[in-house]
Amino acid sequence: MVKPVVIVVGADKGGVGKTTVSRTLLDYFSVNNVQIRAFDTESPRGTLKRFHPEITEIVDMTTTADQMKIFDTLNSGLSVTVIDVRAGLLSPALASLRDIGFLDAARSGQITFAVFHILGSSIASLDEIAETANFMGGAKYLLVKNFINDTQFFQWDQSTYNSYFHRIKNATELTIPKLNEMAYEQVEVASVPFVSFVANKARHDEAANYSFVLRGYVRHWLANVWREYDRINLTDLAGAKSVTRGGEK
């Protein structure tokens with residue numbers, strides 16, 4: 001049986017494009033034929049679920065009942081679980097994983113665990129790295145610079161950043177490039193996965209009439225994002241081989 005894979009996507013502040021990264025991960029695994037499910041912790045409204053309703057469930061990760069809903073079902077046959085953690089809850093969520101023994105299970109090799117930590121541009125993000133690093137034993141830790149909101153990284157000297165980054169054993173840096181603003185807005189309006197927008201498909205897979213130009217921008221951007229995921233061999237987590245080709249579905 002394939003070992004369960006859990007990917008937590010989070011940040012200790014809002015507005016850094018966390019859910020955008022989760023959406024690219026779901027598209028990436030789907031195109032690479034990896035069975036996936038997702039949990040959206042923006043309870044009760046949900047954000048990720050709006051774009052991936054068929055595979056996403058809204059949960060409150062601070063409650064025991066919803067923690068059970070996620071972690072008692074890891075052997076359900078779906079090899080990758082993506083958890084989009086509400087802004088400000090990354091450190092508390094990791095503390096909960098420690099308390100239920102999940103981090104010990106990851107450390108002992110029973111579960112493959114990865115954290116996509118979406119960084120902000122302020123000095124506070126460095127403190128987030130230091131705090132999150134305390135939980136990273138046995139996990140794959142990815143520090144993500146997300147330029148989707150035209151963020152300027154970083155507002156401190158490189159040596160200061162390196163002093164934090166190198167404290168963490170086996171941490172990996174990822175860069176998510178900026179997407180054309182009008183293209184991003186149109187995907188938001190359409191409320192579909194990025195791959196569906198590129199393929200000119202509406203919410204129920206029927207033909208749509210999205211702009212050829214904007215679809216081209218999204219296709220090019222998504223290919224660059226997936227190139228980053230290929231670079232770190234992301235599909236290896238689930239024992240799969242990458243088949244992504246230029247952001248196409």
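Heads up: numbering here begins at 1 and tracks the sequence. Bear in mind that the values here come from a model prediction, so they are computed numbers and not experimental data.
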Hits for side chain to side chain contact (heavy atoms under 4.5 Å, CB included) against Glu188, two or more places apart or cross-chain, chain-then-number order -> Arg23, Arg50, Phe51, Tyr184
When rounded to the nearest 0.5 Å, the distance separating OG of Ser96 from CD of Gln67 is 5.0 Å
Output for pair (Thr112 OG1, Lys140 NZ), nearest 0.5 Å, gives 10.5 Å
Does [X] pair with [Y] as a salt bridge, N-O distance under 4.0 Å?
X      : Y      : result
Glu206 : Arg203 : no
Lys49  : Glu57  : no
Arg227 : Asp230 : no

Any donor-acceptor N or O pair under 3.5 Å, side chains [X], [Y]:
X      : Y     : result
Asp84  : Ser22 : yes
Arg37  : Thr81 : yes
Tyr229 : Thr24 : yes

Determine whether [X] and [Y] fall in the same hydrophobic cluster, where Ile, Leu, Val, Met, Phe, Trp and Tyr are linked whenever their side-chain heavy atoms lie under 4.5 Å apart.
X      : Y      : answer
Val85  : Met68  : no
Leu222 : Ile232 : yes
Leu48  : Ile58  : no
Phe194 : Met182 : yes
Val198 : Val213 : yes

Mind checking whether Phe113 and Phe102 have parallel, tilted or perpendicular rings, split at 30° and 60°? perpendicular
Exercise. Between Thr41 and Asp60, is any pair of side-chain heavy atoms under 4.5 Å apart?
Worked result: no
Checklist entry - Between Lys18 (side chain) and Arg86 (backbone), is there a donor-acceptor pair under 3.5 Å? => result no
>> Would you say that more than 12 heavy atoms from the other residues, nucleotides or ligands in this model lie under 6.0 Å from the CG of Asn209, or not?
In response: no
